[in-house]
Amino acid sequence: MAILEIRKAGDAVLKKQSEPVTKIDRTIKQLLDNMAETMYAADGVGLAAPQVGVSLQVIVIDDGNGLLELINPVIVSQESLEKGTEGCLSVPGVFGEVERYAAVTVEALNRQGKKVTIKGTGLLARALQHEIDHLEGVLFIERAQSIYKEQP
Ligand code: CO
């Protein structure tokens, strides 16, 4: 396992639409391992592959309830909006108020290539939407209604 360099806002890879994974091979499993290690080392709640310079639809999240590894994640249902504070490892030292769905259902593949359905509310719902945004080249600062330099 290895800790990867986290790309910062301004890096072109963060603005690209990422490609779906077509085959879950050793390279993808290694990417998942390294992304998890990088996320934990940076004390993050989630990390998307473009943030480590890989334009593929792969995310990892740990909202405190264990590691989720999701490949080709898609939001299939969503309900009610709520505002909350977000930050991002690619935009260090910046926080913002972002409106997100309070509950989402996401379908994805796990590292075994099995289809999984994740229902998230609260922080998990927010993290899922934030990380899936990364796969579409969107940063939270583009959605934020207000931006802070310190965590409120
Ligand atoms: Co982020």
Side-chain angles (χ1 to χ4, degrees), residues 1-21 28-78 80-111 116 118-152:
M1 300 225 280
I3 292 175
L4 306 171
E5 184 203 345
I6 297 176
R7 305 301 180 90
K8 302 299 190 299
D11 191 314
V13 72
L14 293 173
K15 295 307 302 163
K16 271 176 72 176
Q17 167 70 47
S18 54
E19 299 293 325
V21 172
I28 296 295
K29 289 174 185 174
Q30 216 162 55
L31 175 65
L32 284 165
D33 290 342
N34 291 340
M35 284 174 61
E37 191 173 9
T38 303
M39 173 182 73
Y40 287 124
D43 217 10
V45 173
L47 193 68
Q51 292 182 275
V52 294
V54 178
S55 197
L56 287 173
Q57 293 175 17
V58 175
I59 64 175
V60 294
I61 291 175
D62 191 339
D63 67 337
N65 292 299
L67 178 63
L68 284 176
E69 300 172 315
L70 302 177
I71 297 163
N72 302 343
V74 177
I75 296 171
V76 294
S77 75
Q78 53 214 12
S80 72
L81 292 162
E82 65 181 11
K83 284 181 190 168
T85 302
E86 287 182 26
C88 179
L89 295 174
S90 293
V91 196
V94 174
F95 302 89
E97 192 84 345
V98 185
E99 192 168 60
R100 300 280 191 187
Y101 292 105
V104 294
T105 303
V106 170
E107 288 180 358
L109 300 175
N110 66 14
R111 74 156 59 209
V116 292
I118 308 291
K119 287 177 197 275
T121 60
L123 177 61
L124 178 55
R126 183 166 292 278
L128 286 162
Q129 291 164 86
H130 177 116
E131 300 313 330
I132 290 171
D133 264 359
H134 274 300
L135 304 182
E136 289 161 9
V138 176
L139 295 175
F140 84 99
I141 44 176
E142 295 162 48
R143 292 198 187 276
Q145 286 158 333
S146 47
I147 299 277
Y148 321 98
K149 292 290 180 188
E150 273 172 43
Q151 194 151 19

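Counting convention: from 1, in listed order, for ligands and their atoms alike.
With values rounded to the nearest 0.5 angstrom, Leu47 atom CG is found 12.0 Å from Asp62 atom CG. The CD atom of Gln129 sits 10.0 Å away from the CG atom of Leu124 when rounded to the nearest 0.5 Å.
Here the side chain of Arg126 pairs a donor or acceptor atom with the backbone of Val98 at under 3.5 angstrom.
Considering Ile61, Val104, Leu68 in turn, Leu68 is the only one that fulfils the side-chain contact (heavy atoms from CB on, under 4.5 Å) rule with Ile118.
Between Glu86 and Arg100 there is a salt bridge, since at least one side-chain N of the basic residue sits less than 4.0 Å from a carboxylate O of the acidic one.
Listed by chain and residue number, Gln57, Asn72 satisfy the side chain to side chain contact (heavy atoms under 4.5 Å, CB included) test with Pro20 (two or more places apart in sequence, or in another chain).
For the Co ion (ligand 1), protein N, O or S atoms closer than 2.8 Å were enumerated as Cys88 SG, His130 NE2, His134 NE2, with waters left out.
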